[in-house]
Amino acid sequence: MSEPALATTHRSHLCGALRAEHVGTTVRLGGWVHRARDLGGLVFVDLRDRAGLVQVSFDPSRTGSELAARAASLGAETVVLVEGVVTERPAAMRNPDMATGDVEVRATTLRVVGPADTPAIPVARGKSEQLAAEDLRLRHRFLDLRREELQHNVILRHRLMQRTRRYLSDAGFLEIETPILTKPTPEGARDYLVPSRVHAGEFYALPQSPQIYKQLLMVSGFDRYFQIARCFRDEDLRADRQPEFTQIDVEASFVGQEDVMRVAEGLTRALWEEGGSAAPAEIPRMSYADAMERYGIDRPDLRYGMEIEDVSDAFRGLDFPFTSAALEAGGRVRGIRVPGGAALSRKQLDELDAIVKSAGGRGLLRIKRVNGALEGPAAKVLDESRAAKLRLADGELGLYLAGEDRLANPALDRVRQDVAQRMRLIPDDARAFVWVTDFPMFERDAASGALGAVHHPFTAPHPDDVPLLATEPWKARALAYDLVLNGTELGGGSIRISDPALQARVFALLGVDDETARARFGFLLEGLRAGAPPHGGIAFGFDRIVMLLAGATSLRDVIAFPKTTAARALFEGAPSPVPAADLTELHINVERE
RNA sequence: GGGGCCGUAGCUCAGCUUGGUUAGAGCACUCGACUGUCACUCGAGAGGUCGCGGGUUCGAGCCCCGUCGGCCCCGCCA
């Protein structure tokens with residue numbers, strides 16, 4: 001890959017790009033003083049720009065003592081312009097840890113153009129020195145962003161964004177922008193609202209996603225659309241959740257599920273290649289039902305085994321307190337077998353128990369096989385044939401939960417993940433992509449029994465299951481699909497309903513009456529009645545993809561100016577109060593507690 | 001809305017268990033020495049609202065209550 005010429009009137013080369021091939025060249029550099037070393041005559045300055053570091057030397061016997069003295073007095077993070085000659089370093093003075101370590105620039109001039117206060121947080125950091133606290137890093141973001149790691153992440157983000165545009169554009173997709181000021185939606189996440197000055201008491205909402213707009217673009221005949229779309233959700237944050245985030249949003253017409261998945265796979269492959277690691281040619285698939293049965297979650301981590309197994313038969317008919325009640329109530333006994341798990345300490349097992357309890361379970365039944373014999377509270381009640389059904393090998397530990405699947409699944413998932421980490425069962429470089437398909441259309445609220453959309457209310461039912469809408473709608477599958485990597489959802493999508501009559505039926509099932517549907521989604525319904533092609537699409541969580549490919553552990557490390565977990569921007573100080581006059585103009589009266 | 005952890009010099013941390021004279025260290029900073037370093041080295045110095053408020057106590061960085069901020073998790077996130 002050839003670097004573009006970044007030469008300007010102030011500089012001829014990038015600091016970090018200088019190599020042996022430049023030896024003898026007179027260069028002009030601009031950069032930040034990373035570190036300076038004053039040896040009492042000879043002075044070295046490591047100069048930094050976005051390409052990296054280069055050592056600039058000031059030898060008083062060549063430069064005169066005045067220039068060397070000025071170099072010695074440079075503070076960290078000062079911006080300077082330097083003129084000099086790229087020189088090969090003597091063999092013993094090369095630095096193999098530096099990309100530019102074979103050369104140095106012998107300075108002939110030095111000009112301070114950007115004096116700098118002593119940095120509030122260090123940019124240059126010793127090998128074993130800790131990072132500054134994250135709130136300080138966010139408050140002084142312009143300094144933190146100078147660090148090599150964040151520079152790398154931001155540049156990677158740019159490359160992934162460009163690769164996305166190139167891939168989708170080459171595949172015939174049109175990049176079309178949709179409004180940021182849009183209509184509040186009662187469904188889904190809480191909206192960020194923007195008051196209207198012109199219309200007292202009325203509000204725009206920031207989009208949670210461009211969902212309806214992209215469907216209307218299909219109605220309008222744009223056939224293939226994409227957008228790198230900023231989305232907003234006013235919900236509480238996590239390490240992998242920001243209030244504003246970026247989606248790669250894709251929609252296409254005259255497509256079925258397979259067509260969308262093929263494009264999504266191609267894009268994934270391109271992005272992983274751009275990120276420096278190849279994605280598999282074909283991504284395996286698993287049904288939602290299968291994922292829940294074997295992994296207890298709809299985004300299974302397939303980098304390791306320990307699948308959930310049903311061992312109800314081993315306990316059926318037994319008078320054993322842990323399992324009897326659950327089995328009689330129609331529940332099951334399920335769990336995982338942990339290879340080598342018999343060696344886990346009492347303390348570790350208690351910690352697992354705590355995890356189960358925090359996930360809503362009553363506790364774990366633990367059975368291990370040591371030297372051929374079962375050990376644990378259930379060992380006495382299980383005879384040979386029942387014990388055999390557990391299929392525990394020597395040294396294995398069985399961890400079981402009894403009860404309803406809806407309660408046991410999340411707990412089993414947590415246990416499986418925790419154990420995998422504890423036992424180091426996850427290979428370092430493993431990548432396990434999987435498509436999860438055949439999601440249910442609806443989920444039933446546990447208390448009220450009311451139906452809600454699993455994906456969103458515009459998702460098409462599986463054609464085989466349309467009859468179920470009239471009888472047992474909660475059993476109907478949707479044409480919805482999620483792409484999962486290592487237990488993380490990368491993206492998800494669906495084929496949409498393009499038949500207005502079917503859309504009306506689905507709204508009815510969701511408890512949305514005609515009038516409400518018209519008020520909330522009228523412009524979409526009118527669109528569908530105007531002649532809608534079959535269409536569907538997918539949206540990827542772009543920030544999360546960058547995070548994975550950057551090897552970062554927090555979204556904040558791949559977003560230039562992120563928010564804290566309290567949705568604050570520490571750098572610019574948002575949100576903030578506004579003058580009373582501004583509120584008056586917006587017809588807003590703020591009540592304070 | 002709930003739970004957990006953290007807050008001491010510009011930065012990273014120790015001190016808190018068991019309250020007691022002047023709150024320490026490394027880095028950074030200032031001054032000085034040093035001509036091949038690359039986390040340069042060496043010497044000296046300056047630097048503190050112990051997040052904030054209240055309480056207990058003869059006495060609080062340390063104990064208690066509240067509060068603010070950060071991080072992680074549950075709820076929430078069609």
Side-chain angles (χ1 to χ4, degrees), chain A residues 34-47 53-63 65 68 72-73 75-77 87 89-98 100-101 104 106 117-140 143-144 185-191 208-209 211-212 231-243 245 354-355 357-360 410 414 439 441-443 451-459 478 480 489 492 494 506 510 512 520-521 541 553-554 556 563-568 570:
Chain A
H34 189 69
R35 237 193 291 269
R37 292 175 292 281
D38 174 7
L39 271 56
L42 191 58
V43 176
F44 295 104
V45 172
D46 291 339
L47 200 60
L53 292 173
V54 72
Q55 174 167 284
V56 180
S57 69
F58 297 81
D59 184 338
S61 69
R62 278 190 296 269
T63 66
S65 55
S73 71
E77 301 306 314
T87 312
R89 292 201 206 176
M93 284 113 200
R94 290 184 190 159
N95 185 344
D97 297 330
M98 247 175 133
T100 59
E104 68 182 16
R106 291 192 173 163
D117 295 342
T118 298
I121 57 170
V123 176
R125 195 162 49 107
K127 289 183 180 85
S128 64
E129 284 172 31
Q130 294 277 325
L131 272 182
E134 194 168 11
D135 53 334
L136 290 166
R137 292 171 44 211
L138 291 171
R139 189 158 278 126
H140 306 283
L143 288 173
D144 201 36
T185 52
E187 311 256 325
R190 201 173 292 116
D191 284 322
Q208 296 179 25
S209 87
Q211 181 60 36
I212 291 178
C231 305
F232 306 86
R233 294 180 188 173
D234 187 5
E235 296 292 347
D236 289 340
L237 308 186
R238 293 285 187 279
D240 61 352
R241 241 158 58 189
Q242 282 273 306
F245 58 100
I355 287 169
K357 284 180 177 136
S358 78
R414 296 274 295 277
F439 277 79
M441 281 286 283
F442 307 104
E443 59 196 348
L451 293 183
V454 167
H455 192 56
H456 58 55
F458 321 117
T459 300
E489 183 193 328
S494 66
V506 169
L510 290 169
V512 181
R520 292 176 184 175
F521 310 113
T553 52
S554 165
R556 293 183 294 273
K563 306 277 190 290
T564 68
T565 47
R568 276 189 183 283
L570 296 182

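Every heavy atom of this structure was used, including side-chain atoms; hydrogens, water molecules and symmetry mates were not. A, B, ... follow the sequence lines: proteins, then strands. Residue 1 opens every chain.
Annotation: B:G47 and B:G3 have their P atoms spaced 43 Å apart (nearest Å). Nucleotides B:U17 and B:C62 place their P atoms 10 Å apart, quoted to the nearest Å. Comparing the same atom, C1', in B:G48 and in B:G10 gives a spacing of 12 Å after rounding to whole Å. Comparing B:G61 with B:G20, their P atoms are spaced 10 Å from each other, to the whole Å. Taking atom P in both B:C58 and B:G19, the straight-line distance is 15 Å, to the nearest Å.
Looking at A:D117, its side chain never comes within 3.5 Å of a backbone N or O of A:P119 through a donor-acceptor pair. Between the side chain of A:R137 and the backbone N or O of A:D144 there is no donor-acceptor pair closer than 3.5 Å.
Between A:R139 and B:C11 there is no side-chain polar atom (N or O) within less than 4.0 angstrom of OP1 or OP2. Taking only side-chain nitrogens and oxygens, A:T118 never comes nearer than 4.0 Å to OP1 or OP2 of B:G10.
Listed candidates were B:C76, B:G70, B:C40. Nearest to the side chain of A:R238 is B:C76. Between B:C38, B:C76, B:C72, one nucleotide has an atom nearer to the side chain of A:D236 than all others, and that is B:C76. The A:A189 side chain lies nearest to B:C77 when the options are B:C71, B:C77, B:U37. Out of B:G36, B:G69, B:A78, the shortest distance to the side chain of A:R106 is found at B:G36. Taking the side chain of A:P122 as heavy atoms from C-beta on, and the options B:A39, B:C40, B:C11, the nearest nucleotide is B:C11. Relative to the side chain of A:E134, the nucleotides B:C38, B:C71, B:G36 differ in distance, and B:C71 lies closest. You'll find that the side chain of A:D38 is closest to B:C34, out of B:C34, B:C71, B:G70. Here B:C11 is the nucleotide among B:A78, B:C11, B:U35 with the atom lying nearest to any side-chain atom of A:I121. Across B:A78, B:U37, B:C27, the shortest atom-to-atom separation from the side chain of A:R37 is found for B:U37. Side-chain atoms of A:A239 lie closest to B:C72 of the nucleotides B:C38, B:C72, B:A78.
Between A:D46 and A:A76, the one whose closest nucleotide on RNA chain B sits nearer the 5' end is A:A76. Mapping A:R35 and A:E104 onto RNA chain B via the closest heavy atom, the residue that lands nearer the 5' end is A:E104.
Judged by atom type and distance alone, A:R241 reaches the base of B:C77 through a side-chain donor-acceptor pair under 3.5 Å.
One atom, CZ of A:R190, and another, C1' of B:C76, lie 7 Å apart when rounded to the nearest Å.
A salt bridge does not link A:D236 with A:R241: none of the charged nitrogens is closer than 4.0 Å to a carboxylate oxygen.
The shortest non-hydrogen separation linking A:A68 to A:T63 is N-OG1, 4.0 Å.
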